[in-house]
K.L.:
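Please read through the structure below; I'll follow up with questions.
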Amino acid sequence: SDSTQPRPDSATIGQVTYNAAIPTLAAPEPALKIRKAESISVYSPPTTGVNLDEIEGDEGVEIFITPQDDLGETVHCDGELTVSLIDPTATPEQQRIGLWKFVSEETKLFFAKDTSGERGILLHLPWEQSIPINSSLDLHVRLVTPDGRTLKTKHQLTINPPDAEYSVDNSGIRRW
């Protein structure tokens, strides 16, 4: 595609419309490459449940993770990324909503910039293992840096659970 063309305001995948103008891929800046990540955090405004169809309830989550140096400044960082979403009040067999693992090469591809200019790792994750039944979920993120350090964070996330008839096999959402 011609990179000089403006991005559309929205993109349609199957019958699912997604606002493609919000995140943009962010190439690493030289200043961001040389500093080492010392911590990670979940950036709240873009981290939320996402409803992509016209049926009540979220079909997944959008998560924005910011690797930070010792001064709290965002740095471009890759590494092995693991994201776990837990519904702490569900029955034990329904607690894990999903577990997503990404190798270092994939993590690099998810680095983006939001509309405010904040940079970080942007993930779109549909419900995977089970459907959340509660609105308050625990998000656990672990990043193993290329030099072997493990950075972790936990975040409480509020979503709008889908209704009881929702299926994780919904093909339109799976392509998101």
Side-chain angles (χ1 to χ4, degrees), residues 3 7-11 13 18-52 58-88 95-129 132 134-161 173 175-176:
S3 62
R7 290 183 72 171
D9 287 339
S10 66
I13 301 173
Y18 174 69
N19 187 350
I22 293 178
T24 57
L25 292 178
E29 295 176 4
L32 294 175
K33 283 183 175 179
I34 51 178
R35 296 194 320 254
K36 187 165 49 168
E38 299 294 337
S39 65
I40 56 173
S41 63
V42 174
Y43 188 51
S44 290
T47 297
T48 185
V50 177
N51 185 344
L52 296 173
D58 296 332
E59 292 80 40
V61 291
E62 181 172 272
I63 299 169
F64 200 73
I65 303 157
T66 54
Q68 298 160 341
D69 65 9
D70 57 348
L71 300 174
E73 306 240 347
T74 301
V75 296
H76 196 280
C77 181
D78 59 349
E80 295 178 11
L81 183 65
T82 304
V83 176
S84 177
L85 197 57
I86 306 294
D87 187 341
Q95 281 189 337
R96 177 169 281 165
I97 304 304
L99 177 66
W100 298 269
K101 295 181 179 185
F102 305 98
V103 297
S104 186
E105 292 77 20
E106 292 172 310
T107 303
K108 287 181 204 177
L109 298 174
F110 299 130
F111 212 81
K113 181 170 47 172
D114 76 355
T115 55
S116 70
E118 183 68 32
R119 292 171 173 269
I121 300 164
L122 178 68
L123 302 173
H124 297 109
L125 305 172
W127 306 139
E128 190 173 74
Q129 290 178 272
N134 296 299
S135 60
S136 182
L137 305 176
D138 290 339
L139 172 66
H140 300 266
V141 180
R142 181 183 72 201
L143 178 69
V144 179
T145 64
D147 61 1
R149 292 174 299 114
T150 300
L151 309 176
K152 295 180 183 180
T153 192
K154 181 180 174 183
H155 181 80
Q156 190 168 28
L157 178 64
T158 302
I159 58 113
N160 183 11
I173 300 307
R175 287 192 302 260
W176 173 51

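A quick note: this is a predicted structure, and the numbers were derived from the prediction, not measured.
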K.L.:
For the OG1 atom of T82 and the NZ atom of K152, what is their distance to the nearest 0.5 Å?
P.N.:
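So the gap between those two atoms works out to 10.0 Å.
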K.L.:
Would you say T150 and R142 make side-chain contact, with heavy atoms under 4.5 Å?
P.N.:
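Side-chain contact under 4.5 Å: yes.
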K.L.:
Taking atom CD1 of I121 and atom CZ of F110, what is their separation to the nearest 0.5 Å?
P.N.:
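Reported value, rounded in 0.5 Å steps: 9.5 Å.
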K.L.:
Which pair of heavy atoms, one from E106 and one from K101, lies closest together, and at what distance?
P.N.:
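Heavy atoms of E106 and K101 come nearest at OE1-O, 4.2 Å.
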K.L.:
Do R96 and I86 come within less than 4.5 Å of each other through their side chains, counting heavy atoms only?
P.N.:
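Yes, at least one pair of side-chain atoms sits under 4.5 Å.
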K.L.:
Rounded at 0.5 Å granularity, tell me how far CG in L122 sits from CD1 in I65.
P.N.:
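That separation rounds to 9.0 Å.
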K.L.:
To the nearest 0.5 Å, what is the distance between OG on S84 and NZ on K154?
P.N.:
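Atom-to-atom, S84:OG and K154:NZ are 10.5 Å apart.
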K.L.:
So do L151 and S39 actually touch side chain to side chain, heavy atoms under 4.5 Å?
P.N.:
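Not touching, per the 4.5 Å side-chain cut-off.
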K.L.:
Please determine, by modelled atom types, if S104 and D78 share a side-chain donor-acceptor pair under 3.5 angstrom.
P.N.:
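Yes, D78 and S104 have a side-chain donor paired with an acceptor closer than 3.5 Å.
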K.L.:
Identify the two heavy atoms, one from P126 and one from H124, that lie closest to each other, and give their separation to 0.1 Å.
P.N.:
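It is CD-O, 3.8 Å.
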K.L.:
Does any part of the side chain of I40, heavy atoms only, come nearer than 4.5 Å to the side chain of V141, both counted from C-beta?
P.N.:
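Sidechains of I40 and V141: in contact.
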K.L.:
Side chains of H155 and I63, heavy atoms from C-beta outward: is any pair under 4.5 Å?
P.N.:
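Not in contact.
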K.L.:
Excluding sequence neighbours, so at least two apart, what forms side-chain contact (heavy atoms from CB on, under 4.5 Å) with T66?
P.N.:
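Per chain and number, T66 pairs via side-chain contact (heavy atoms from CB on, under 4.5 Å) with S41, Y43, F64, Q68, T74, E118.
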K.L.:
Are the side chains of I159 and P132 in touch, meaning some heavy atoms are under 4.5 Å apart?
P.N.:
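In short, these two side chains touch, coming nearer than 4.5 Å.
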K.L.:
Might you point out which heavy atoms bring D70 and E38 nearest each other, and give the distance in Å?
P.N.:
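Here D70 and E38 meet closest at N-CG, 3.6 Å.
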K.L.:
Side chains of W100 and L81: does their closest heavy-atom pair fall under 4.5 Å?
P.N.:
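No, side chains not in contact.
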K.L.:
Excluding sequence neighbours, so at least two apart, what forms side-chain contact (heavy atoms from CB on, under 4.5 Å) with N160?
P.N.:
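Residues passing side-chain contact (heavy atoms from CB on, under 4.5 Å) with N160: E56, D58.
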K.L.:
For the side chain of N134 and the backbone of S136, is there at least one donor-acceptor N/O pair under 3.5 Å apart?
P.N.:
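Judged by distance alone, no pair lies under 3.5 Å.
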K.L.:
Closest heavy-atom contact between P67 and G120?
P.N.:
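That closest heavy-atom pairing would be CD-CA, 4.5 Å.
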K.L.:
Check whether Q95 reaches the backbone of P88 with its side chain - one donor and one acceptor, N or O, closer than 3.5 Å.
P.N.:
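Looks like yes, one N/O pair under 3.5 Å.
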K.L.:
Report the C-alpha separation of D69 and K36 in whole Å, then their side-chain angles, then the decisive distance to 0.1 Å, and conclude whether the side-chain contact (heavy atoms from CB on, under 4.5 Å) test is met.
P.N.:
CA-CA 6 Å; D69 65 9; K36 187 165 49 168; over 6 Å; no
K.L.:
Would you please classify the geometry between the H76 ring and the F111 ring as parallel, tilted or perpendicular, with 30° and 60° separating the classes?
P.N.:
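Geometry flag for H76 against F111: tilted rings.
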K.L.:
What is the distance from atom CD of E80 to atom OG1 of T145, rounded to the nearest 0.5 Å?
P.N.:
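Between E80 CD and T145 OG1, I get 10.0 Å after rounding to 0.5 Å.
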K.L.:
Heavy atoms, side chains only, cut-off 4.5 Å: are N51 and E59 in contact?
P.N.:
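N51 vs E59: side chains touch.
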K.L.:
Going by the rule salt bridge (charged side-chain N to carboxylate O under 4.0 Å, His left out), which residues pair with D87 if we only count those two or more places apart in sequence or in a different chain?
P.N.:
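With neighbours one apart ignored, the set is empty.
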K.L.:
Run the numbers on L125 and L85 for side-chain contact (heavy atoms from CB on, under 4.5 Å), then give the verdict.
P.N.:
CA-CA 10 Å; L125 305 172; L85 197 57; over 6 Å; no
K.L.:
First locate atom OG1 of T47, then atom CD of E62, and finally report the distance between them rounded to the nearest 0.5 Å.
P.N.:
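Those atoms lie 7.5 Å apart.
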